[in-house]
Amino acid sequence: MTQAPTPTTAGPFPQRVFSGIQPSGGLTLGNYLGALKRFAQAQDAGIETIYCIVDLHAITVWQDPEKLRRATRELACGFIASGIDPARSILFNQSQVSAHAELGWVFNCVARMGWLNRMTQFKDKAGKHAENASVGLFCYPDLMAADILAYHATHVPVGDDQKQHLELTRDIALKFNHDFGVEFFPIVEPVIEGAATRVMSLRDGTKKMSKSDPSDQSRINLTDDADTIAKKLRKAKTDPEPLPETAEGLKDRPEARNLVNIYAALSDQTVDQVMAEVGGQQFGTFKPRLADLAVAKLSPISAEMSRLMQDPAEIDRILGQGAARADAIARPILQKTYDIVGMIRSR
Ligand code: AMP
Ligand code: TRP
């Protein structure tokens with residue numbers, strides 16, 4: 001090909017959305033607002049959407065096999081309950097499509113040690129015991145690049161914490177294209193938008209809401225019942241001042257800002273619109289209002305998840321069908337990659 005890749009766009013590639021979530025147990029409000037809700041919006045906008053339960057990523061840290069199977073099915077239910085329609089989107093688990101692992105190996109040979117050494121998520125997850133972390137955890141971002149590029153996906157909706165991994169995905173695509181003199185892999189666009197790209201802990205407005213936080217009070221789980229959701233929001237840490245009149249006044253008030261952001265994302269409003277509605281209110285007034293909204297939006301999702309979990313065979317069937325459709329897209333892209341790299345394929 002003669003055209004040079006444009007570094008900031010997906011270039012000549014048609015629009016295709018890909019994203020993934022790890023089945024490492026439990027979905028939080030952060031996953032819902034930062035990821036799932038926006039996955040459904042992309043699907044409903046009529047864009048081609050591919051969503052993957054990344055079980056190969058999950059095993060970069062130890063997983064109990066039975067729990068992993070359960071978490072995979074539960075996550076599939078979470079996707080569907082959040083509005084992902086397996087007929088309109090491709091929904092599957094990663095290990096059923098071997099192109100991910102195969103392309104991941106090629107990218108292990110493209111990415112540089114120095115690039116991976118800079119990944120903050122590895123440093124956070126490996127902590128002080130990096131020598132004891134699995135090699136898989138270190139090269140996790142190469143597999144993530146393979147997930148996306150095996151489909152020539154162009155747009156990747158994620159929460160803010162995945163930005164650095166997507167930059168690495170772009171670097172891998174650029175280096176591959178450059179090293180082999182091709183314009184084969186698209187330069188993906190991260191889609192990190194809206195009021196809830198980083199939902200914070202309910203106990204500490206400077207920490208991300210996370211399923212791995214030891215305190216269950218710090219997060220809202222998609223499986224929490226209405227009472228629990230309301231209680232957690234009413235008890236959420238705040239400062240003693242009432243809400244400011246404008247968004248500007250939230251600047252140095254992380255807990256207040258977080259609750260307003262959650263309200264905005266749940267009600268599909270901008271932060272400015274929310275401030276026009278609730279600016280100046282005491283938390284004693286605002287929190288019950290937020291709790292009502294959260295319960296109204298989340299309870300149907302949690303109810304639908306439990307309903308879907310009753311039929312594991314049906315979930316497995318959906319994942320299998322999704323995997324077959326995913327494989328049909330990824331396999332030819334992998335074959336072409338092998339051709340470009342110089343592998344003989346004679347069967
Ligand atoms: P994970 O559960 O770490 O596999 O994350 C799955 C998706 O949810 C990714 O797109 C994350 O960026 C997103 N996500 C996770 N936690 C949060 C959060 N607290 N706020 C916003 N997005 C989040
Ligand atoms: N690393 C992502 C996370 O922890 C999950 C993930 C794996 C992913 N492969 C992906 C996200 C591909 C987007 C695209 O949240």
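Atoms considered below: every heavy atom in the structure, side chains included; atoms not considered: hydrogens, waters and symmetry mates. The structure presented is a predicted model; accordingly, all values stated were derived computationally and were not measured.
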Seminar exercise, completed: Taken in chain and number order and not counting sequence neighbours, the residues that satisfy ring-ring contact (aromatic ring centres under 6.0 Å, His included) with Y140 are H57, H165
Problem set entry | Shared-cluster residues of L143, by chain and number - hydrophobic side chains joined below 4.5 Å | L56
Exercise. With sequence neighbours excluded, what pairs up with D224 under the side chain to side chain donor-acceptor pair (under 3.5 Å) test?
Worked result: N221, K232
For this session: For K175, check salt bridge (charged side-chain N to carboxylate O under 4.0 Å, His left out) against everything at least two apart and list the hits.
Result: D179
Problem set entry | Geometric class of the Y51/F39 ring pair [parallel <30°, tilted 30-60°, perpendicular >60°] | parallel
For this session: Step through the shown structure and confirm whether more than 12 heavy atoms of other residues, nucleotides or ligands are within 6.0 Å of CZ on R70.
Result: no
For this session: With sequence neighbours excluded, tell me which residues meet side-chain contact (heavy atoms from CB on, under 4.5 Å) with K207.
Result: S201, D204, D213
Problem set entry | Residue list, side-chain contact (heavy atoms from CB on, under 4.5 Å) with D85, at least two apart or on another chain | Q43, A87, R88
Give the table of side-chain donor-acceptor pairs shorter than 3.5 Å for residues 104-117, with sequence neighbours excluded, one pair per line with atom names and distance.
from: R112; atom 1: NE; to: V110; atom 2: O; distance (Å): 3.1
from: R112; atom 1: NH2; to: C109; atom 2: O; distance (Å): 3.0
from: R112; atom 1: NH2; to: V110; atom 2: O; distance (Å): 3.3
from: N117; atom 1: ND2; to: M113; atom 2: O; distance (Å): 3.4

Exercise. Among pairs that include at least one residue of residues 187-235, which meet ring pair (Phe, Tyr, Trp, His ring centres under 6.0 Å), considering only residues two or more places apart or in two chains?
Worked result: none
Problem set entry | Within 6.0 angstrom of K123 NZ, more than 12 heavy atoms from elsewhere | yes
For this session: Could you label the plane-to-plane angle of the F286 and Y263 rings as parallel, tilted or perpendicular, counting under 30° as parallel and over 60° as perpendicular?
Result: tilted
For this session: Quick one: list whatever passes side-chain contact (heavy atoms from CB on, under 4.5 Å) with A330, sequence neighbours left out.
Result: V97, A99, A150, Y151
Problem set entry | F283: partners by ring-ring contact (aromatic ring centres under 6.0 Å, His included), with sequence neighbours left out | none
Problem set entry | All side-chain contact (heavy atoms from CB on, under 4.5 Å) counterparts of R198, not counting sequence neighbours | D160, D161, M200, K208
Problem set entry | Y338: partners by ring-ring contact (aromatic ring centres under 6.0 Å, His included), with sequence neighbours left out | none
